[in-house]
Amino acid sequence: MQICDLTSANFGAATSLWIKAGLTRPWNPPELDLQRALDGVTSKVLGAFDVDGRLVGTVMVGHDGHREWVYYLAVDETQRGTGLGRQLMTAAENWLRDHGAVKVQLMVRSTNEAVLGFYEHLGYADSDVQVRAKRLT
Ligand SMILES: CC(C)(COP(=O)(O)OP(=O)(O)OC[C@H]1O[C@@H](n2cnc3c(N)ncnc32)[C@H](O)[C@@H]1OP(=O)(O)O)[C@@H](O)C(=O)NCCC(=O)NCCS
């Protein structure tokens with residue numbers, strides 16, 4: 001397994017993985033999120049490729065000058081439970097650390113309770129905050 005930066009050549013594979021992993025919503029086109037992350041100097045998308053060069057995992061990272069964020073963590077169903085999710089989170093944390101991060105955080109949809117145990121196992125604790133959001137478009 002090789003973890004490296006995604007490029008626009010991986011657009012189709014990445015969005016397909018995210019759709020299958022249940023991470024996308026119709027009102028939020030994943031292609032736009034991916035393009036913005038690739039274009040930005042404060043963001044990056046890391047991909048895990050198997051020996052056949054197939055994209056089997058992703059994680060998006062970014063920092064806003066104060067906080068560091070992780071998005072779009074996904075592992076192909078065929079590879080889950082093999083340690084790849086942990087590997088991707090370690091790669092994300094290393095990227096953020098290299099960019100001066102002191103604290104990393106992430107959001108989990110309230111409908112995705114299944115993943116909470118995974119994050120807790122990796123040391124991510126409840127921050128006891130509530131997020132408020134408003135669409136600008
Ligand atoms: C979440 C996800 C990335 C985990 O990937 P994975 O490759 O299956 O996880 P790993 O095999 O690396 O597991 C890492 C560790 O977490 C543990 N773990 C995994 N799921 C767990 C759970 N629900 N509760 C507690 N521990 C869990 C594993 O036992 C493993 O422990 P170890 O390293 O100490 O042996 C994967 O399930 C996925 O893609 N889910 C769908 C997309 C998603 O919901 N992403 C998160 C959006 S916020």
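In this text, all values refer to a predicted model and were calculated from it rather than measured experimentally. Numbering of ligands and ligand atoms starts at 1, following listing order. Hydrogens, waters and symmetry mates play no part in the numbers below; they use all other heavy atoms, side chains included.
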Would you say Tyr72 and Asp33 make side-chain contact, with heavy atoms under 4.5 Å? yes
Of all heavy-atom pairs linking Gln79 and Leu84, the shortest is CB-CD2, 4.2 Å
- Task: Say whether Leu23, considering both its backbone and side-chain N or O atoms, lies within less than 3.5 Å of an N or O atom on ligand 1.
- Result: no
Item to complete: Quick one: do Asp76 and Arg54 satisfy side-chain contact (heavy atoms from CB on, under 4.5 Å)? Show the steps, please.
Response: CA-CA 10 Å; Asp76 187 278; Arg54 195 171 66 99; 3.6 Å; yes
So NZ of Lys44 and CG of Asp5: to nearest 0.5 Å the spacing works out to 4.0 Å
Atom 40 (N) of ligand 1: closest protein heavy atom, distance to 0.1 Å, is Arg80 CZ, 3.8 Å
Subject >> Flag: protein heavy atom within less than 4.0 Å of atom 29 (O) of ligand 1 >> reply: no
Atoms of ligand 1 under 4.0 Å from any heavy atom of Gly83, numbered from 1 in the order shown, are 10 (P), 11 (O), 12 (O)
Does a side-chain heavy-atom distance below 4.5 Å link Ile3 with Phe49? no
For Met107, the ligand 1 atoms with a heavy-atom partner under 4.0 Å come out as 48 (S)
Atoms of ligand 1 under 4.0 Å from any heavy atom of Val115, numbered from 1 in the order shown, are 1 (C), 46 (C)
In sequence, state the C-alpha distance, the side-chain angles, and the governing distance for Thr42 and Asp64, and then conclude on side-chain contact (heavy atoms from CB on, under 4.5 Å).
CA-CA 7 Å; Thr42 58; Asp64 62 16; over 6 Å; no
Atom 12 (O) of ligand 1: closest protein heavy atom, distance to 0.1 Å, is Arg86 N, 2.8 Å
Any N or O on Asn112 sitting closer than 3.5 Å to an N or O of ligand 1? yes
In the structure I gave you, are the side-chain heavy atoms of Thr24 and Thr15 within less than 4.5 Å of one another anywhere?
no
In terms of its nearest heavy atom to atom 26 (N) of ligand 1, the top option of Ala48, Ala114, Gly117, Gly85 is Gly117
Looking only at protein heavy atoms, what sits closest to atom 45 (N) of ligand 1 is Leu73 O, 2.8 Å
Sub-3.5 Å donor-acceptor pair from the side chain of Asn10 to the main-chain atoms of Thr7, do we have one?
yes
Atoms of ligand 1 under 4.0 Å from any heavy atom of Ala74, numbered from 1 in the order shown, are 39 (O)
Nearest heavy-atom contact between Leu23 and Ala74 is CD1-CB, 3.8 Å
Under 4.0 Å from one or more heavy atoms of Ala21, ligand 1 contributes atoms 41 (C), 42 (C)
Check whether any protein heavy atom sits under 4.0 Å from atom 33 (O) of ligand 1. yes
In this structure, atom 13 (O) of ligand 1 is nearest to the protein heavy atom Phe118 CE1, 3.8 Å
dist Leu46:CG -> Thr90:OG1 (nearest 0.5 Å) comes out at 11.5 Å
One finds that the ligand 1 atoms under 4.0 Å from a non-hydrogen atom of Thr82 are 11 (O)
* Asked: Any nitrogen or oxygen of Gly81, main chain or side chain, under 3.5 Å from a nitrogen or oxygen of ligand 1?
  -> yes
- prompt: Quick one: are Thr58 and Leu17 in side-chain contact, heavy atoms under 4.5 Å?
  reply: yes
Note: Glu68 and Val102 closest approach over all heavy atoms is OE2-N, 4.2 Å
With the threshold set strictly below 4.0 angstrom, can you tell me whether any protein non-hydrogen atom sits that near atom 2 (C) of ligand 1?
no
Which atom pairs, donor and acceptor, lie under 3.5 Å between side-chain atoms of residues 117-129 and protein residues at least two apart or in another chain?
unit_1 : atom_1 : unit_2 : atom_2 : d
Tyr124 : OH     : Glu93  : OE2    : 2.6
Asp126 : OD1    : Asp128 : N      : 2.9

for atom 48 (S) of ligand 1, nearest protein heavy atom and its distance come out as Tyr119 OH, 3.4 Å
Residue, atom and distance of the protein heavy atom nearest atom 39 (O) of ligand 1 read Val75 N, 2.8 Å
What do you reckon, does His121 have a nitrogen or oxygen under 3.5 Å from a nitrogen or oxygen of ligand 1?
yes
Per-atom filter on ligand 1: closer than 4.0 angstrom to a heavy atom of Leu84 are 7 (O), 12 (O)
message = Please confirm whether Tyr71 approaches ligand 1 to less than 4.0 Å, judged on its heavy atoms.
response = no
So is Gln87 polar-close to ligand 1, meaning N/O to N/O under 3.5 Å?
-> no
Exercise. With a 4.5 Å heavy-atom cut-off, do Gln105 and Val70 have their side chains touching?
Worked result: no
